**Q** 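Here you go, one structure.
This structure is a prediction, so every number in the text was calculated from the model and none was measured.
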2 protein chains.
Amino acid sequence: MDEILPEQRRAKIVEWLQEEQSLTIDQLARHFEVSAMTIHRDLDLLVKEGRARKVRGGAMPAADALPAPGSDQSQCAMCGKRVPRRTTWVVTGENGEQQQACCPHCGFLMHSHATGQQSTLAADFLYGQMVNAHQATFVVGSEVTLCCVPGVLCFASRSDAERFQRGFGGKLLDFAGAMVAMTTAHHGH
Amino acid sequence: MDEILPEQRRAKIVEWLQEEQSLTIDQLARHFEVSAMTIHRDLDLLVKEGRARKVRGGAMPAADALPAPGSDQSQCAMCGKRVPRRTTWVVTGENGEQQQACCPHCGFLMHSHATGQQSTLAADFLYGQMVNAHQATFVVGSEVTLCCVPGVLCFASRSDAERFQRGFGGKLLDFAGAMVAMTTAHHGH
DNA sequence: TGTTTATTATCACATTATGACACATTATAT
DNA sequence: ATATAATGTGTCATAATGTGATAATAAACA
């Protein structure tokens, strides 16, 4: 670990804190090769900014910090289910706070409650890459139901979505269209 | 169990308390390999912070501890019963606050008290998938009574509901219809 | 009632946090 | 470029907190 900017070190502390449940001052000092005093000062700053919590002997994630996206204990903010990697949906708000949904279905419902500007990333159903949800194509109500019903699958590429739909049915919709479909009451076929 | 931060130990106590309903001082002391005195002090602190309740010989969860949706001990906001995964009902309000019901029966009653916009998710009776309750089909008063009476079962697919009804009776209703059925007084068959 | 068990109080000791200072590094102004 | 200000860093002394052992007190139990 050579030559790292103080602010970068602080960012790494926050990041690492979300993976581990807690870190000792010693662990941090050894890892970044600085004195314990420096870690103390870093943490004081992070606490003042609300990015971490200082406890005797070390630090823990800020009280309002949700488990990091992709970590095993992340829960859907809507239905409480565990978040499968396959269908992850992550929303980052203006203040950097994050929420996750178990699938685009819950993701859209979450979006309908949202206030203010936010970025939304969703996992492409075929390749697992994260894609800006506002630029993605969705297949709603196909025969493939992984999570919630009606199933909503996210595709980074429109042609992938079309080919999928040819085989498994469902409607092809963009973000706005899928949003309407999710929030409108209607009756099963 | 090596080298654990005091605050992390306290957090684990709270967590463990929500899983088990109660723990003795001895259990805790042995598990964390500290003296009973230390556990006493931990609990005093947790009590002062309202995170746990101290009882003679051990500790119990704080009275107001409401478990997260999907956790094993979440309680119905209407009747107080434990929420079975099979019939979970989750409502998210405008401000992001959440309530759960033990089954659609309590769910509809909860809804009748609701103010403002909200999203409602319910578990499909057959597959357990979460479905937007406003898009689901309900079978009311069938011979299958899991939770409250009259029993209300939730189906993501109308045809599933029809097939179920053919076997077990009851009325087929959409959200609005089931809502009326739940909130209208009527007399047994 | 006496006996047992749990809780609290107090002490000595270990660990950790904080403030003051000197010094290095980086930014800003002239 | 050079001086000056602002930050960042490490060491040390001191303060604050956590811990366990033991004794004193309170509560349950027979």
Side-chain angles (χ1 to χ4, degrees), chain A residues 1-68 71 73 94-97, chain B residues 1-65 73:
Chain A
M1 176 77 29
D2 54 3
E3 294 303 323
I4 181 177
L5 264 35
E7 182 51 38
Q8 196 180 356
R9 186 182 57 230
R10 281 170 220 130
K12 291 236 177 238
I13 290 176
V14 173
E15 197 180 311
W16 196 10
L17 265 180
Q18 302 201 324
E19 290 162 17
E20 306 298 319
Q21 200 52 332
S22 77
L23 293 169
T24 68
I25 302 286
D26 273 358
Q27 279 179 297
L28 289 164
R30 268 201 312 276
H31 183 261
F32 294 109
E33 294 176 13
V34 294
S35 72
M37 190 65 224
T38 296
I39 298 296
H40 274 291
R41 283 187 273 239
D42 280 347
L43 292 176
D44 287 342
L45 218 146
L46 292 176
V47 165
K48 207 165 65 181
E49 294 171 352
R51 297 162 67 194
R53 207 154 43 97
K54 212 176 166 186
V55 299
R56 188 177 176 81
M60 298 180 66
D64 59 356
L66 294 176
S71 80
Q73 69 268 355
E94 304 178 86
N95 312 320
E97 82 286 358
Chain B
M1 173 82 25
D2 54 3
E3 294 300 325
I4 182 175
L5 263 35
E7 181 53 37
Q8 196 183 2
R9 186 183 56 230
R10 291 187 274 265
K12 291 232 179 244
I13 290 176
V14 173
E15 199 180 308
W16 197 12
L17 267 179
Q18 302 201 326
E19 288 163 17
E20 309 297 319
Q21 220 26 2
S22 75
L23 294 168
T24 68
I25 303 285
D26 272 358
Q27 278 180 298
L28 289 164
R30 268 201 311 276
H31 183 261
F32 293 109
E33 294 176 13
V34 294
S35 71
M37 192 64 230
T38 297
I39 298 297
H40 273 292
R41 282 187 274 237
D42 280 347
L43 292 176
D44 288 342
L45 217 147
L46 292 176
V47 165
K48 207 165 65 181
E49 294 171 350
R51 297 162 66 193
R53 214 152 36 95
K54 219 176 160 184
V55 297
R56 188 175 178 82
M60 298 183 67
D64 61 352
Q73 321 75 237

**Q** Choose from D:dG20, D:dG18, C:dA20 the nucleotide whose nearest atom is closest to any side-chain atom of A:R41.
**A**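 Shortest atom-to-atom distance from the side chain points to C:dA20.
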**Q** Quick one, B:E7 with A:M60, criterion side chain to side chain contact (heavy atoms under 4.5 Å, CB included). Give me CA distance, side-chain angles, the key distance, then yes/no.
**A** CA-CA 9 Å; B:E7 181 53 37; A:M60 298 180 66; 3.6 Å; yes
**Q** B:D42 has an atom CG; how far is it from atom P of D:dG20, in whole Å?
**A**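 Rounded to whole Å, this separation is 10 Å.
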**Q** Go through C:dT18, C:dT10, C:dT8 for me and flag the one nearest to the B:D44 side chain.
**A**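 Comparing C:dT18, C:dT10, C:dT8 against the side chain of B:D44, the answer is C:dT8.
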**Q** What is the separation between atom CZ on A:F32 and atom P on D:dG10, rounded to the nearest whole Å?
**A**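 In whole Å, D:dG10 P lies 13 Å from A:F32 CZ.
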**Q** Rounding to a whole Å, what distance do you find between A:R9:CZ and D:dG10:C1'?
**A**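 My rounded result for the distance is 12 Å.
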**Q** Given side chains that start at C-beta, do those of B:K54 and B:H40 come closer than 4.5 Å, heavy atoms only?
**A**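 When only atoms from C-beta onward are counted, B:H40 and B:K54 do touch, with a gap below 4.5 Å.
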**Q** Mapping A:L45 and A:M37 to their closest nucleotides on DNA chain D, which lands nearer the 5' end?
**A**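 Of the two residues, A:L45 wins.
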**Q** Set out, in order, the CA-CA distance, both residues' side-chain angles and the distance that settles side chain to side chain contact (heavy atoms under 4.5 Å, CB included) for A:L43 and A:I25, then state yes or no.
**A** CA-CA 9 Å; A:L43 292 176; A:I25 302 286; 3.6 Å; yes
**Q** Using side-chain heavy atoms (C-beta onward) and a distance below 4.5 Å, is B:R9 in contact with B:V34?
**A**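 B:R9 reaches B:V34 side chain to side chain.
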**Q** So A:W16 and A:F32, would you call those rings parallel, tilted or perpendicular, with 30° and 60° as cut-offs?
**A**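 It falls in the perpendicular class, over 60°.
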**Q** Could you check whether B:E15 pairs with B:K12 (Lys NZ or Arg NE/NH1/NH2 to Asp/Glu carboxylate O, under 4.0 Å)?
**A**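 Salt bridge: no.
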**Q** Nearest whole angstrom, please: distance from the P of D:dT7 to the CD of A:Q8.
**A**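 In whole Å, D:dT7 P lies 20 Å from A:Q8 CD.
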**Q** Taking the minimum atom-to-atom distance to the side chain of A:H40, which one of C:dT7, D:dT19, C:dA17 wins?
**A**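 Shortest atom-to-atom distance from the side chain points to C:dA17.
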**Q** Counting only side-chain N and O atoms of A:K54, is one of them less than 4.0 Å from OP1 or OP2 of D:dT17?
**A**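 Looking at the OP1 and OP2 atoms of D:dT17, neither is under 4.0 Å from any side-chain N or O of A:K54.
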**Q** Between B:I39 (CD1) and C:dT8 (P), how many Å, whole number?
**A**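 Value for this atom pair: 14 Å.
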**Q** At what angle, to 10 degrees, do the two end axes of the helix from C:dT1-D:dA30 to C:dT30-D:dA1 meet, given five pairs define each axis?
**A**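 Inter-axis angle at the ends, rounded: 40°.
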**Q** Kindly indicate whether the side chain of A:E20, heavy atoms from C-beta on, has any atom under 4.5 Å from the side chain of A:P61.
**A**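 Of all side-chain heavy-atom pairs linking A:P61 with A:E20, none is under 4.5 Å.
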**Q** Nearest-Å distance, CD (A:E7) to C1' (D:dA6)?
**A**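 Rounded to the whole Å, the gap is 17 Å.
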**Q** So if I take residues 22-29 of chain A and measure heavy-atom distances to DNA chain D, which residues fall below 4.0 Å?
**A**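 None, since no heavy atom is under 4.0 Å.
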**Q** Working note: A:L45 + A:D42, criterion side chain to side chain contact (heavy atoms under 4.5 Å, CB included); need CA distance, chi angles, decisive distance, verdict.
**A** CA-CA 5 Å; A:L45 218 146; A:D42 280 347; 5.8 Å; no
**Q** With respect to the phosphate group of D:dC29, does any side-chain polar atom (N or O) of B:R56 fall under 4.0 Å of OP1 or OP2?
**A**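 No, because none of the side-chain N or O atoms of B:R56 sits under 4.0 Å from OP1 or OP2 of D:dC29.
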**Q** Run the side chain to side chain contact (heavy atoms under 4.5 Å, CB included) test on B:H31 and B:L28 for me, step by step, so that the C-alpha distance in whole Å, both residues' side-chain angles and the decisive distance to 0.1 Å come before the verdict.
**A** CA-CA 5 Å; B:H31 183 261; B:L28 289 164; 5.8 Å; no
**Q** Please determine whether a side-chain nitrogen or oxygen atom of A:T38 lies at a distance below 4.0 Å from atom OP1 or OP2 of D:dG10.
**A**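 Indeed, a polar side-chain atom of A:T38 lies that close.
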